[in-house]
Amino acid sequence: MKITNSSGHNIPISKVQNSISSLPLIVITGPTASGKSSLAIRLAKKWGGEIICADSRTVYKDMNIGTAKPTKSDRKIVKHWLLDVVKPGSRFTVYDFKQLAQEAIKDIVSRDKIPFLVGGTGLYIDSVVLNFVFGPDADLDRREQLESLTVDQLITLHEKHHIGLPENYKNKRYLIRSIEKYNSNQSVNYSINPNTYVIAISTEKKELLDRISERADTIFGDKLLRETQQLKNRYGFENEAMTGNIYKIVDQLLSGDITLEEAKQLFVTKDWQLAKRQITWLRRHDWVQWKTLSEAEQYFDHILRNFRDGVS
RNA sequence: GCUGGGAUAGUGAAGCGGUCAAACACGACAGACUGUAAAUCUGUUGGCUUAUGCCUUCGUAAGUUCGAAUCUUACUCCCAGCA
């Protein structure tokens with residue numbers, strides 16, 4: 001029996017299964033600007049790995065500077081997956097991410113390389129590591145119907161069917177989700193896949209703030225301005241890919257509503273808020289281990305040495 | 001120097017005699033979150049051994065009043081116009 005991997009080569013299934021069971025999945029996550037990416041590149045280079053970017057913004061084409069996407073030279077050192085997979089404005093969800101990430105993992109493992117799942121989008125990490133099960137496509141139609149209802153109507157629907165309201169009962173998405181959950185009677189899995197090592201990079205608050213401000217200083221330049229202008233011309237600001245991040249701030253700067261200093265400050269604030277939300281997300285999982293950059297490096301060196309020596 | 005406007009919690013900004021520890025926005029802090037998650041949403045945000053309780057706040061000082069962030073007077077500082 002043969003299966004086909006994403007690059008079209010036939011590989012014997014026995015080897016796939018074998019490899020999947022013997023090679024670890026290395027997961028490096030943490031807040032923005034914590035230094036995940038460079039650590040991952042170092043480790044992947046050293047131990048023969050490839051990086052799958054678990055980042056909800058770097059999946060978009062043409063969003064490079066503003067998303068701090070790994071550069072071309074980064075990508076020469078180590079192969080990066082899941083960058084530039086869709087255009088801003090296209091629908092790209094966790095579902096898509098999980099499919100693509102799993103294909104990538106299979107491919108990587110089939111060549112006896114080690115998959116590194118790296119990024120700050122906690123939901124994306126979870127979808128792989130907890131092996132999310134999504135409802136059938138038919139559910140999407142139903143979801144569309146539900147989306148046309150108001151928050152109040154959704155709450156009424158909950159009461160009518162005696163469904164408990166979610167904690168986020170003023171948030172439409174979660175009202176819909178709780179109805180779906182009720183209908184699917186699918187149990188949600190919160191235990192992590194075997195052979196998966198998840199580290200979140202921890203930093204002192206002060207240090208992370210400093211790193212974020214430094215990044216603001218280096219990122220605000222002509223390239224960023226040009227990129228923003230191009231994105232605006234090509235895709236507009238209406239799509240979700242462009243929300244809540246740096247591009248809106250740069251747009252204000254371009255139209256002269258704010259000064260450069262104000263723009264940088266706004267960006268630092270936004271990034272800090274993002275970092276806090278990321279940390280909050282990661283904190284709720286007991287299988288996430290927090291380590292500093294150097295602790296994480298040692299830890300993974302140790303694990304990977306054992307795997308490569310066949311000690312596992 | 002004269003005339004007018006203004007000084008309110010971390011910031012911006014309402015309030016213009018009682019129902020004001022003081023709206024609202026932002027920020028800050030905490031939290032939720034399996035189909036666009038860098039999204040979306042929630043709670044707290046003067047102090048106190050967390051209390052339908054007490055205390056200290058609305059530039060500073062004094063006064064009017066049963067009662068003042070709100071009225072009066074003086075002072076300090078800001079801003080605009082005139083000198």
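Owing to the predicted nature of the structure, the values given are computational and were not obtained by experimental measurement. Each chain gets a letter, A, B and so on, in the order the sequences are listed, and its residues count up from 1.
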ask   = Looking across every strand, which nucleic acid part, if any, lies under 4.0 Å from A:Thr121 by heavy atom: base, sugar-phosphate, or nothing?
value = sugar-phosphate
query = Tell me: CD of A:Gln278 to P of B:rG31, nearest whole Å?
reply = 15 Å
request  = With P as the reference atom in both, quote the distance from B:rG35 to B:rU40 in angstrom, rounded to an integer.
outcome  = 15 Å
ask   = Which whole number of Å gives the distance between the C1' atom of B:rU65 and that of B:rU56?
value = 22 Å
ask   = Should A:Asp301 and A:Lys46 count as an ion pair when the cut-off is N to O under 4.0 Å?
value = yes
request  = Looking at every strand, decide which applies to A:Thr32 at a 4.0 Å heavy-atom threshold: base, sugar-phosphate, or nothing.
outcome  = nothing
inquiry  = Within the 4.0 Å heavy-atom criterion, would you say A:Phe92 contacts the bases, only the backbone, or no part of the nucleic acid?
reply    = sugar-phosphate
ask   = Considering Watson-Crick and G-U wobble pairs with both distances under 3.5 Å, what does B:rC2 pair with?
value = B:rG81
Any-strand Watson-Crick or G-U partner of B:rU50, both distances under 3.5 Å = none
request  = May I ask which nucleotide in the shown strands pairs with B:rU70, Watson-Crick or G-U wobble, both distances under 3.5 Å?
outcome  = none
ask   = Could you give the CG-to-P distance, from A:Asn193 to B:rU34, as a whole number of Å?
value = 16 Å
ask   = P atom, B:rG81 versus B:rA74: distance in rounded Å?
value = 26 Å
task = For B:rC2 and B:rG12, measure between their P atoms and round to the nearest Å.
result = 29 Å
message = Is there a side-chain contact between A:Arg277 and the phosphate of B:rA37, meaning an N or O under 4.0 Å from OP1 or OP2?
response = no
query = What residues form a ring pair (Phe, Tyr, Trp, His ring centres under 6.0 Å) with A:Trp290, not counting sequence neighbours?
reply = none
Heavy-atom donor-acceptor pair, A:Asp74 side chain to A:Thr71 backbone, under 3.5 Å = yes
ask   = Using purine N1 to pyrimidine N3 plus N6-O4 or O6-N4 for Watson-Crick, or N1-O2 and O6-N3 for G-U wobble, both under 3.5 Å, which nucleotide pairs with B:rC20?
value = none
ask   = Rounding to a whole Å, what distance do you find between A:Ile212:CD1 and B:rG27:P?
value = 15 Å
ask   = Can you tell me how far C1' in B:rA30 sits from the matching atom in B:rA80, rounded to whole Å?
value = 44 Å
Rounded interatomic separation in angstrom, taking OH from A:Tyr169 and C1' from B:rU42 = 8 Å
B:rU8 to B:rA69 separation - C1' atoms, rounded to the nearest Å = 7 Å
query = Has A:Lys98 got its NZ or CZ under 6.0 Å from the middle of the six-membered ring of A:Phe134, at an angle within 45 degrees of the ring axis?
reply = no
query = For A:Arg283, which contact category applies under a 4.0 Å heavy-atom criterion: base, sugar-phosphate, or nothing?
reply = sugar-phosphate
key: Under the side-chain hydrogen bond (donor to acceptor under 3.5 Å, both in side chains) test, residues paired with A:Asn171 that sit two or more places apart   = none
query = On a plain distance test, is the side chain of A:Tyr174 in donor-acceptor contact with the base of B:rC33 below 3.5 Å?
reply = yes
request  = Considering only atom P, compute the distance from B:rG6 to B:rG10 and round it to an integer number of Å.
outcome  = 23 Å
ask   = Starting at the 5' end of RNA chain B, which residue's closest nucleotide do you reach first, A:Trp272 or A:Thr58?
value = A:Trp272
ask   = Taking atom C1' of B:rA37 as reference, at what distance in whole Å does atom CG of A:Leu123 sit?
value = 6 Å
task = Using the C1' atoms only, state how far B:rU44 lies from B:rU50, rounded to an integer number of Å.
result = 13 Å
inquiry  = How many whole angstroms separate atom CG of A:Leu209 from atom P of B:rA28?
reply    = 9 Å
request  = Nearest-nucleotide wise, let me know which of A:Gly66 and A:Arg91 is further upstream toward the 5' end of RNA chain B.
outcome  = A:Arg91
message = Can you measure A:Ile246 atom CD1 to B:rA39 atom P for me and round it to whole angstrom units?
response = 13 Å
ask   = Taking any strand in view, what nucleotide pairs with B:rU57 in a Watson-Crick or G-U wobble way, both distances under 3.5 Å?
value = none
task = For B:rG43, give its Watson-Crick or G-U wobble partner with both distances under 3.5 Å, or none.
result = B:rC29
inquiry  = With a 4.0 Å cutoff (strictly under), does any side-chain N or O of A:Arg173 reach OP1 or OP2 of B:rU40?
reply    = no
message = Closer than 3.5 angstrom, by distance alone: can the side chain of A:Lys69 be matched with the main-chain N or O of A:Val59 as a donor-acceptor pair?
response = no
request  = Send over the distance from A:Asn239 CG to B:rA37 P, rounded to a whole Å.
outcome  = 12 Å
Residue A:Thr269, side-chain heavy atoms: nucleotide from B:rG27, B:rG35, B:rU42 that is nearest = B:rG27
inquiry  = Against the six-membered ring of A:Trp281, is A:Arg284 placed for a cation-pi contact (under 6.0 Å from the centre, within 45° of the normal)?
reply    = yes
Presence of A:Gln273 side-chain N/O under 4.0 Å of B:rA28 phosphate oxygens OP1/OP2 = yes
query = Is any side-chain nitrogen or oxygen of A:Tyr124 closer than 4.0 Å to OP1 or OP2 of B:rA37?
reply = yes
